[in-house]
A.B. asks: 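Can you read through this structure? Questions will come right after.
The shown structure was predicted, so the numbers you read here are calculated from the model rather than taken from an experiment.
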Amino acid sequence: MKGLSVSKAVTALMLAGLVLLPLYSYLSGNIFILTLFTRIVILAMAAASLNLIMGFGGMMSFGHAAYLGIGGYAVGMLAQEGIGSGFIQFPVALAASAVYALVIGALSLRTRGVYFIMITLAFAQMAYYVASGLARYGGDDGLTVYKRSDFHGLINLSDRTQFYYLCLACLFAVIFLIWRIVNSRFGLVVQGLRSNEQRMQAIGFPAKRYKLVCFVISGMMCGLAGALLANNTDFVSPAVMYWTRSGDLMVMVILGGMGTLFGPVMGAVVYLLLEEFLSQITEYWALIMGPLLLLIVLFGRGGIMGLLGRVGRG
């Protein structure tokens, strides 16, 4: 119980810090920190969506970043064609991500283990090369989003503070939805399939159907993060779908604590702050980041959340 309270206290402090960050940015005059944490919040959302299938569902997808790109390109392509309404762009981003997740899931869930990982990776690379070949929408150079999504006066995405709170609200909504899913009958079945799929099938649960629905929901959540990311950077590029970005999301999940509700958020905050700090010290920051992450994974089983639990128990 003591360990549980320590992890809860640290999580509460982190969430309070995220909520109060714009106030600190305003009082200190540090605009960059708000921009940095907007990106962190968006990628934390993508990591949380991956955690739904990887941590709770046992599906190790190495192509999750594809949905970031699909969501981003949905916003960018519609803006390029003169459709700037967020009430159209965001639903299209969610729908496109859901359809792609449905196709990938329907095919990849026929396999297991390393074959599942490789198929999801192959589909993500396919999306990457398709986006690279879209000459009308920038091709390899990427697509500039000249105007952010318009919500007809309800919220102004060009205002840094309003946009940050929109991203934070979406993150909280995603986490709440994951909590509801995980604690529902559906979520318990998905977790049971992760533990012993053959036994769950033997008692009558259609494994592939449950996994596929979970896979599609996860893809839609990541597509939402992609739509927000395109608005944040005013740019979308095929690079956001490259396999290394999927690797980054997996690292965030594992670093924070796979199969925990707030672990991916914690992992995203720590990983991206480390990346920012080390990149300012040296251009060879990756040589320092790699061993650091390795030490955390080796000596912090269960990620940061697991480590906090053990510290609390003494």
Side-chain angles (χ1 to χ4, degrees), residues 36 38-54 59-77 80 93 96-101 103-105 107-108 114-145 215 218-256 264 267-268 271-272 274-276 278-279 283-287 289-290 293:
L36 172 63
T38 301
R39 177 172 174 263
I40 289 174
V41 166
I42 292 170
L43 292 179
M45 194 188 315
S49 69
L50 176 59
N51 185 48
L52 176 61
I53 57 172
M54 190 171 82
M59 293 174 270
M60 300 288 288
S61 173
F62 215 146
H64 206 68
Y67 310 115
L68 275 176
I70 289 169
Y73 267 99
V75 169
M77 290 165 73
Q80 180 90 341
S97 301
V99 169
Y100 199 68
V103 173
I104 294 177
L107 295 173
S108 60
V114 69
Y115 301 105
F116 178 85
I117 296 173
M118 294 308 296
I119 288 179
T120 56
L121 173 60
F123 271 104
Q125 289 301 98
M126 193 183 304
Y128 167 80
Y129 287 115
V130 168
S132 298
L134 294 174
R136 178 178 174 84
Y137 300 107
D140 282 331
D141 296 327
L143 175 64
T144 301
V145 182
F215 199 86
S218 173
M220 290 177 69
M221 290 175 178
C222 196
L224 173 61
L228 292 169
L229 188 63
N231 277 284
N232 182 51
T233 57
D234 298 318
F235 180 77
V236 60
S237 158
V240 78
M241 292 186 273
Y242 201 59
W243 68 270
T244 52
R245 174 57 69 191
S246 295
D248 288 340
L249 295 178
M250 291 183 77
V251 169
M252 292 174 198
V253 174
I254 296 168
L255 178 62
Y271 179 80
L272 293 170
L274 268 176
E275 180 183 82
E276 181 64 29
L278 293 175
S279 64
E283 60 180 311
Y284 304 108
W285 60 271
L287 292 175
M289 173 79 93
L293 294 176

A.B. asks: My understanding is that only residues two or more places apart in sequence, or in another chain, count here; which of them pass side chain to side chain contact (heavy atoms under 4.5 Å, CB included) with V240?
C.D. replies: L68, L229
A.B. asks: Which heavy atom in A47 sits nearest to a heavy atom in V253, and how many Å separate them?
C.D. replies: O-CG2, 3.3 Å
A.B. asks: Listing request: all salt bridge (Lys or Arg N to Asp or Glu O under 4.0 Å) pairs with a residue in residues 114-130, at least two apart in sequence or in separate chains.
C.D. replies: none
A.B. asks: Nearest 0.5 angstrom please: L249 CG to C222 SG, how far?
C.D. replies: 6.0 Å
A.B. asks: What pairs of residues pass the side chain to side chain donor-acceptor pair (under 3.5 Å) test when at least one of them lies in residues 124-135, not counting sequence neighbours?
C.D. replies: S132-D140
A.B. asks: Which heavy atom in A124 sits nearest to a heavy atom in Y100, and how many Å separate them?
C.D. replies: N-OH, 4.5 Å
A.B. asks: Working to the nearest 0.5 Å, report the span between CD1 of I104 and CZ of F116.
C.D. replies: 9.0 Å
A.B. asks: Which atoms form the tightest heavy-atom contact between V145 and A230, and what is the distance?
C.D. replies: CG2-O, 4.2 Å
A.B. asks: Run the side chain to side chain contact (heavy atoms under 4.5 Å, CB included) check on V236 and M77 step by step: do they pass?
C.D. replies: CA-CA 10 Å; V236 60; M77 290 165 73; over 6 Å; no
A.B. asks: Write down the atom of S246, the atom of A65, and the distance for their closest heavy-atom approach.
C.D. replies: OG-N, 3.0 Å
A.B. asks: List the atom of I42, the atom of A225, and the distance in Å for their closest heavy-atom pair.
C.D. replies: CG2-O, 3.3 Å
A.B. asks: Does anything in residues 220-237 form a side chain to side chain donor-acceptor pair (under 3.5 Å)? List the pairs, not counting sequence neighbours.
C.D. replies: R148-D234, S149-N231
A.B. asks: CE of M59 to OG of S218: how many Å apart, nearest 0.5 Å?
C.D. replies: 8.0 Å
A.B. asks: Please report the interatomic distance CG(L50) to CE(M60), rounded to the nearest 0.5 Å.
C.D. replies: 8.0 Å
A.B. asks: Which heavy atom of P238 sits nearest to which heavy atom of G139, and what is that distance?
C.D. replies: CG-O, 3.4 Å
A.B. asks: Please identify each residue that fulfils ring-ring contact (aromatic ring centres under 6.0 Å, His included) with Y67, with sequence neighbours left out.
C.D. replies: H64
A.B. asks: Out of curiosity, Q80 CD to L143 CG, how far, rounded to the nearest 0.5 Å?
C.D. replies: 5.0 Å
A.B. asks: Once rounded to the nearest 0.5 Å, what's the spacing between atom OH of Y271 and atom CG of D248?
C.D. replies: 3.5 Å
A.B. asks: Tell me, do M118 and L121 make a side-chain contact under 4.5 Å, heavy atoms counted?
C.D. replies: yes
A.B. asks: Using the side chain to side chain contact (heavy atoms under 4.5 Å, CB included) criterion, which residues pair with L134? Sequence neighbours excluded.
C.D. replies: Y137
A.B. asks: Among residues at least two apart in sequence or on other chains, which ones pass side chain to side chain contact (heavy atoms under 4.5 Å, CB included) with A96?
C.D. replies: I70
A.B. asks: For L272, what residues pass the side chain to side chain contact (heavy atoms under 4.5 Å, CB included) criterion, not counting sequence neighbours?
C.D. replies: R39, I40, L43, M252, E275
A.B. asks: Is it the case that atom CE in M126 sees more than 12 heavy atoms from other parts of the structure closer than 6.0 Å?
C.D. replies: yes
A.B. asks: Going by the salt bridge (Lys or Arg N to Asp or Glu O under 4.0 Å) test, which pairs reach into residues 125-134, not counting sequence neighbours?
C.D. replies: none
